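Note sheet for the following structure.
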Number of protein chains: 2
Amino acid sequence: MSQVQLAKQLRVSCESCSLSELCLPRGLTVQEISQLDDYIERPRKLDPNTQIYQPGDKFFGFYAVRSGGVKTYLTKKTGEQQILGFHLPGEIFGLDGMEHNSHRCYASTMDNTSYCTIPFEKLDELCAELPDLRIQVYKLLGHEINCDHSHQLLLGQQTAHERLATFLLSISSRFKHRGFSPTSFMLPMSRHDIACYLGIAVETVSRLFKSFQQQGIVKINRKQVDILNMDLLTGLVANCEESDSL
Amino acid sequence: MSQVQLAKQLRVSCESCSLSELCLPRGLTVQEISQLDDYIERPRKLDPNTQIYQPGDKFFGFYAVRSGGVKTYLTKKTGEQQILGFHLPGEIFGLDGMEHNSHRCYASTMDNTSYCTIPFEKLDELCAELPDLRIQVYKLLGHEINCDHSHQLLLGQQTAHERLATFLLSISSRFKHRGFSPTSFMLPMSRHDIACYLGIAVETVSRLFKSFQQQGIVKINRKQVDILNMDLLTGLVANCEESDSL
DNA sequence: TTGTGAAAATGACATGGGTCAAGTGTATAA
DNA sequence: TTATACACTTGACCCATGTCATTTTCACAA
């Protein structure tokens, strides 16, 4: 098989895979891709609301969402959960296990979900040899850190309107980035999850969605969202972040 | 010079250095330590309220606080800042620059402050050769991520009392970790900064400090804090985090 | 020692969004 | 087709915390 054919085959196996961000771009050679590809465990399928890991579980490696959606969250002893992040197809999670080789938070599916895993030990070994892969891993971790920082700004300084608008814009831009419509999409998470992510009450989410609709900014039917006026939506967060969104 | 002597000398140069966490422990060999030590730029001293970097600045590498204190923060366009983290002597900051090779947030001193820097490119080169150093870097990044997650839980789910109590306990345990008293210490930051970190108003910080004092939990005089009853203080956050503190 | 400005504390008041309690819709199963 | 349960919505009420105005304290300079 020629190098080109090999590349094509590998690309097919990873192209729609959520780890593609990690392994495909940035000029890795065919051989390098092949090496990494060998270690990736092929997709597993899970039902909605299935726990993937919880605090204390051993850290195996990174997870990459292929379809569906995953939430990661911490809880108070009283049960309230703070959702740390939503992970859509093409996105990575599981990084919370790196510090102590065991996870610190929960991860569970929000929908029928499939994902790949890449064992951290293998990834680390490859990193020793592949400078470009190392850079990719740094960028991945840096991205997580920057997302967390934006979330801190949201939770600490934004009003409820601003939070919800920021949330919609974030989902929109992430769908766009993956080649889907940025103005018409299905939310993979419940109102409850949105509330827990934004640090507000479910009732507030309902009321604000209603208010946004009355202003003609969006049209919302259950989980179907249509953004009717992107400018107005952007206007709601105009004073929030100095830098461009993630 | 014998290997032992060399080790001793290097240890002296890094022992009290904030990067010691990164380079000294975990069985690096004398030679490995020496290699890393060569790249570390020796301390710079800055006045209080001096900006170290701001969004858009080129990312050079990690910073390690030797004395004083540093805050990292994001701002809204209207000027409110959300403090992302306080960095005490022995702690690292600057990781926000990794994703795009430029910083996303501000960093500035809160006090007379000195710090070392380690250029990221050099660190990365060494990582290729030193598996133990690589592990250290992963743990460092994992720690930042886990701290950010705890901060998200605080900002999203805790009441003002719980936030302030959590904050005091965090500072206390970090002083303890560095060998200082966990019950009697000087806060390096202003009330304003505490408020911005906790996502509450300065006035609320004042009122809660007073309330904590009236309950006999702490004694506070300006920036001097004495924790009188650690159990009571811990009790205030009893329902907050499931897992142990960071 | 006194003067000056910033930080912190205090008091009075306002309100965003939480809480509680019904309702309404919708998807799945019998 | 109807029953059931759960997600979501809506309304009424209220409280923790923000906002604004004022006073006090402290650090430092003259």
Side-chain angles (χ1 to χ4, degrees), chain A residues 47-49 69 71 76 78-83 109-112 154-167 186-214 218-225 236 239-240, chain B residues 47-49 69 71 76 78-83 110-112 154-168 186-214 218-225 236 239-240:
Chain A
D47 289 333
N49 297 308
K71 61 177 175 180
K76 292 180 73 176
T78 48
E80 296 96 328
Q81 50 182 240
Q82 176 60 45
I83 294 185
T109 61
M110 300 186 294
D111 209 338
N112 285 305
L154 176 145
L155 292 170
Q157 302 298 333
Q158 293 182 205
T159 65
H161 325 259
E162 290 169 343
R163 295 182 198 202
L164 192 60
T166 302
F167 163 76
M186 293 282 276
L187 294 174
M189 72 291 286
S190 67
R191 297 286 190 272
H192 179 77
D193 284 343
I194 295 173
C196 288
Y197 177 76
L198 298 178
I200 58 182
V202 212
E203 294 90 333
T204 306
V205 175
S206 268
R207 283 189 259 266
L208 287 174
F209 271 155
K210 190 184 177 190
S211 155
F212 285 6
Q213 283 200 84
Q214 287 170 342
V218 292
K219 184 168 168 297
I220 290 174
N221 190 289
R222 284 261 148 171
K223 301 198 160 174
Q224 173 65 41
V225 173
L236 288 177
N239 292 320
C240 292
Chain B
D47 288 333
N49 298 310
K71 61 177 174 178
K76 291 180 73 174
T78 48
E80 296 97 328
Q81 48 182 241
Q82 175 61 46
I83 294 186
M110 301 185 295
D111 209 338
N112 286 305
L154 177 146
L155 293 170
Q157 302 299 333
Q158 293 183 201
T159 64
H161 324 259
E162 291 169 341
R163 294 182 199 202
L164 193 60
T166 303
F167 164 76
L168 287 174
M186 293 283 278
L187 294 173
M189 71 291 287
S190 66
R191 296 287 189 273
H192 179 76
D193 284 343
I194 296 172
C196 288
Y197 176 77
L198 298 178
I200 58 182
V202 212
E203 294 90 334
T204 306
V205 174
S206 271
R207 284 189 259 265
L208 288 175
F209 271 156
K210 191 183 175 189
S211 154
F212 286 7
Q213 284 200 83
Q214 288 171 340
V218 292
K219 184 168 167 298
I220 291 175
N221 190 290
R222 283 264 148 170
K223 301 198 162 174
Q224 173 65 41
V225 174
L236 288 177
N239 294 320
C240 292

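Proteins get letters first, then strands, A, B, ... in listed order; numbering begins at 1 in each. This structure is a prediction, so every number in the text was calculated from the model and none was measured.
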Overall bend of the helix from C:dT1-D:dA30 to C:dA30-D:dT1 (five pairs an end, 10° steps) is 40°
Any side-chain to backbone donor/acceptor pair from [X] onto [Y]? Under 3.5 Å, distance only.
X	Y	answer
B:Q82	B:C196	yes
A:R163	A:Q158	yes
B:R207	B:V202	no

Judged by each residue's nearest nucleotide on DNA chain C, which is more toward the 5′ side, B:K210 or A:R222? B:K210
In residues 189-201 of chain B, which residues come under 4.0 Å of DNA chain C by heavy atom? B:S190, B:R191, B:H192
Take the protein atom [atom1] of [X] and the nucleotide atom [atom2] of [N], then report the distance between them rounded to whole Å.
X	N	atom1	atom2	value
B:R163	D:dG18	CZ	C1'	12 Å
A:Q157	D:dT17	CD	P	15 Å
A:N49	D:dC6	CG	P	12 Å
A:Q158	D:dG18	CD	C1'	17 Å
A:F209	D:dA7	CZ	P	16 Å
B:K223	D:dT25	NZ	C1'	14 Å
B:L164	D:dT17	CG	P	11 Å

Are side-chain heavy atoms of A:N49 and A:M110 found at a separation under 4.5 Å? no
Rounded to the nearest 0.5 Å, the CD atom of A:E162 sits from the CG atom of A:N239 at a distance of 7.0 Å
Nearest 0.5 Å please: distance from the CD1 atom of B:I83 over to the NE2 atom of B:H192. 7.0 Å
First and last nucleotide of DNA chain C in contact with chain B, 5' to 3', at under 4.0 Å to a heavy atom: what are they? C:dA8 to C:dA12
Considering only residues two or more places apart or on different chains, which pairs with a residue in residues 196-205 of chain B satisfy salt bridge (Lys or Arg N to Asp or Glu O under 4.0 Å)? none
Please determine if a side-chain N or O atom of B:T204 lies less than 4.0 Å away from the OP1 or OP2 oxygen of D:dT17. no
Polar contact flag, side-chain donor to acceptor under 3.5 angstrom, B:Q157-A:E80: no
Tell me, yes or no, whether the heavy-atom count around A:K223 atom NZ, taken from other residues, nucleotides or ligands under 6.0 Å, exceeds 12. yes
Report yes or no: is there a donor-acceptor pair, N or O only, under 3.5 Å between the side chain of B:R207 and the base of D:dT19? yes
What about A:E203: does its side chain form a donor-acceptor pair under 3.5 Å with the base of D:dC8? no
If the condition is side-chain hydrogen bond (donor to acceptor under 3.5 Å, both in side chains), which residues does B:S206 pass it with, not counting sequence neighbours? none
With sequence neighbours excluded, residues passing ring-ring contact (aromatic ring centres under 6.0 Å, His included) with A:Y197: A:F86, A:H151
